[in-house]
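In what follows, residues are counted from 1 in the order of the sequence shown.
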Amino acid sequence: MDAAKMLLLSPPSTSLSSLKPHSSILTYTRPKVQPPLKVLAMAKETSESGNGVAEKAAIAGGLVANPVIAWSLYTLKTTGCGLPPGPAGLIGALEGVSYLAVVGIVGWSLYTKAKTGSGLPNGPFGLLGAVEGLSFLSLLAILVVFGLQFLQNGSIPGPLPSDQCFG
């Protein structure tokens with residue numbers, strides 16, 4: 001095929017000068033060596049080193065406190081009284097400390113949410129996140145059962161054993 005026919009078949013921007021062979025020498029230029037990349041930012045770890053003990057204490061306390069509160073609320077709804085004091089008052093004390101633990105975990109979660117924009121970290125095996133969720137559910141159950149108790153009886157039982165319940 002000659003150059004004239006080739007020109008007719010090629011796109012309009014092609015000219016005869018582009019079809020002539022060039023007599024240039026190709027040279028190889030070595031690419032520049034890139035310096036190794038440096039990490040400029042790292043993601044924050046799920047827990048700060050100072051909260052390790054607090055997280056483990058919240059997990060242990062929450063795993064004990066939430067079932068105790070469920071038992072307490074069931075007893076309150078069915079009998080109108082809280083848990084019995086038990087031997088040396090240990091069951092009643094566990095009940096009171098459980099309520100305080102759940103309120104503490106919910107307060108810690110709300111504080112962390114206001115400060116960082118997210119709740120508590122998941123913790124080991126996701127247990128702290130589970131305790132946080134159970135504590136919010138326990139708080140909701142507390143509000144519901146105490147509200148129903150107040151509407152039915154006009155009051156809720158006090159923190160100390162009374163003659164009405166354990167007299």
Side-chain angles (χ1 to χ4, degrees), residues 28-167:
Y28 175 74
T29 58
R30 194 170 198 184
K32 295 180 181 178
V33 178
Q34 295 288 331
L37 297 175
K38 293 182 181 179
V39 177
L40 298 177
M42 292 178 53
K44 189 170 133 182
E45 291 189 29
T46 58
S47 66
E48 297 174 8
S49 60
N51 286 343
V53 175
E55 287 179 5
K56 289 176 185 167
I59 291 169
L63 288 175
V64 171
N66 283 298
V68 169
I69 287 181
W71 179 27
S72 170
L73 293 175
Y74 174 76
T75 305
L76 176 62
K77 186 65 184 128
T78 56
T79 66
C81 299
L83 294 177
L90 290 177
I91 295 176
L94 180 63
E95 179 185 21
V97 170
S98 294
Y99 279 98
L100 293 175
V102 165
V103 170
I105 291 169
V106 168
W108 183 24
S109 174
L110 293 175
Y111 171 77
T112 305
K113 179 75 171 175
K115 185 178 173 188
T116 64
S118 64
L120 297 177
N122 287 335
F125 305 109
L127 288 175
L128 186 58
V131 164
E132 178 185 16
L134 287 172
S135 296
F136 274 102
L137 289 175
S138 291
L139 183 66
L140 178 65
I142 290 167
L143 294 174
V144 168
V145 172
F146 280 18
L148 290 173
Q149 182 75 13
F150 185 77
L151 289 175
Q152 290 173 354
N153 298 341
S155 67
I156 57 173
L160 297 175
S162 65
D163 291 335
Q164 175 190 0
C165 291
F166 306 109

| query | How long is the span from the CD1 atom in Ile105 to the CG atom in Leu139, to the nearest 0.5 Å? | reply | 11.5 Å
| note | One should read off an interatomic distance between Leu63 CG and Leu127 CG, to the nearest 0.5 angstrom, of 6.0 Å
Which atoms form the tightest heavy-atom contact between [X] and [Y], and what is the distance?
| X | Y | answer |
| --- | --- | --- |
| Leu128 | Ala58 | CD1-CB, 3.9 Å |
| Pro121 | Glu55 | CG-OE2, 3.4 Å |
| Phe136 | Leu110 | CZ-CD2, 4.0 Å |

Taking only residues two or more places apart in sequence, or in another chain, which ones meet [X] in a side-chain contact (heavy atoms from CB on, under 4.5 Å)?
| X | result |
| --- | --- |
| Leu148 | Lys77, Val144 |
| Ala65 | Ser98, Ala101, Val102 |
| Gln149 | Leu76, Asn153, Ile156, Pro157 |

| query | Does the pair Tyr74 and Val145 meet the rule for a side chain to side chain contact (heavy atoms under 4.5 Å, CB included), with working shown? | reply | CA-CA 9 Å; Tyr74 174 76; Val145 172; over 6 Å; no
| With Ser138 via side chain to side chain donor-acceptor pair (under 3.5 Å) - residues at least two apart | Asn66
| What pairs meet the side-chain hydrogen bond (donor to acceptor under 3.5 Å, both in side chains) rule with one or both residues in residues 80-91, with sequence neighbours excluded? | none
Which donor-acceptor pairs under 3.5 Å do the side chains of residues 79-97 make with protein atoms, sequence neighbours left out?
from  : atom 1 : to    : atom 2 : distance (Å)
Thr79 : OG1    : Thr75 : O      : 2.6
Thr79 : OG1    : Cys81 : N      : 3.2
Thr79 : OG1    : Cys81 : O      : 3.2
Glu95 : OE1    : Leu83 : N      : 3.4
Glu95 : OE2    : Ser72 : OG     : 2.5
Glu95 : OE2    : Leu83 : N      : 3.4

| request: Would you sort out whether Val68 and Tyr99 count as a side chain to side chain contact (heavy atoms under 4.5 Å, CB included), showing the intermediate values? | output: CA-CA 9 Å; Val68 169; Tyr99 279 98; over 6 Å; no
